[in-house]
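Computed from heavy atoms alone, side chains included, the values below leave out hydrogens, waters and symmetry copies.
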Amino acid sequence: MCNKTDPHAAWLNEWRSEMECLEPVEEDSPEEAMHSNHRHELGALLANTPATTPAGLVAKLEWFKEDLGDLVTTMVGDDLNSCINTLLNSARKQVKPMPAPAHAE
C-alpha cells in the first residue's frame, strides 16, 4: 500500500498561522501586506490543488468553511453547510489521526 500524502494539511496549518500573525500587526503596514499576500497564496493553493487523499480533502473543506463558509452559507443557506459537514465527517472517518504539529521555538 502506498503512503500517499497531500500538502493540503500543511498549507492549512500555515494559512491559520498567517491569520495569527496578522492579529497584532498594524493595518496597512508592509508586514500586514506580506502576511495577507502569503495567506492569499496559500488559499489559492488550497482552492486549486486537487486533493488525492481523504486528509487532503478534509484540509480543503476545513479551509473552505473557515475562509468562505459564513459568506457562502449566508447567501445559499444551511443546506450547503450541512453538505460540507457531511463531506467533512465522511472524509475524517477515512483519515488516521495526525500528530500535532511541532511548534518552532
Exercise: identify the closest heavy-atom pair between [X] and [Y]:
X	Y	value
A9	A59	N-CB, 3.7 Å
P24	C21	CD-O, 3.3 Å
G56	A51	C-CB, 3.5 Å

*Cluster overlap L12 with L45, hydrophobic side-chain contacts below 4.5 Å*: yes

_Is there a continuous path of hydrophobic side-chain contacts, each under 4.5 Å between heavy atoms, that joins W11 to F64?_
yes

*Could I get the full list of side-chain hydrogen bond (donor to acceptor under 3.5 Å, both in side chains) partners for H38, not counting sequence neighbours?*
E14, E18

*asked:* Checking E62 now: which residues fulfil salt bridge (Lys or Arg N to Asp or Glu O under 4.0 Å) with it, not counting sequence neighbours?
replied: R16, R92

*M34: which other cluster members, linking ILVMFWY side chains closer than 4.5 Å, directly or transitively?*
none

*Pairs where residues 45-57 contributes a residue and the test salt bridge (Lys or Arg N to Asp or Glu O under 4.0 Å) is met, not counting sequence neighbours*: none

*If a pair satisfies salt bridge (Lys or Arg N to Asp or Glu O under 4.0 Å) and one of its residues is in residues 41-61, list it, with sequence neighbours excluded.*
none

*Give the C-alpha distance, both sets of side-chain angles, the deciding distance and a yes or no for side chain to side chain contact (heavy atoms under 4.5 Å, CB included) between D67 and M19.*
CA-CA 11 Å; D67 195 42; M19 181 54 109; over 6 Å; no

*Within residues 24-33 or reaching into it, pairs that qualify as side-chain hydrogen bond (donor to acceptor under 3.5 Å, both in side chains) - sequence neighbours excluded*: none

*With T53 as reference, evaluate T5, V58, D6 under the side-chain contact (heavy atoms from CB on, under 4.5 Å) test and give the passing residue.*
D6

*Hey, is the main chain of W63 close enough, under 3.5 Å, to the side chain of H8 for a donor-acceptor pair?*
no

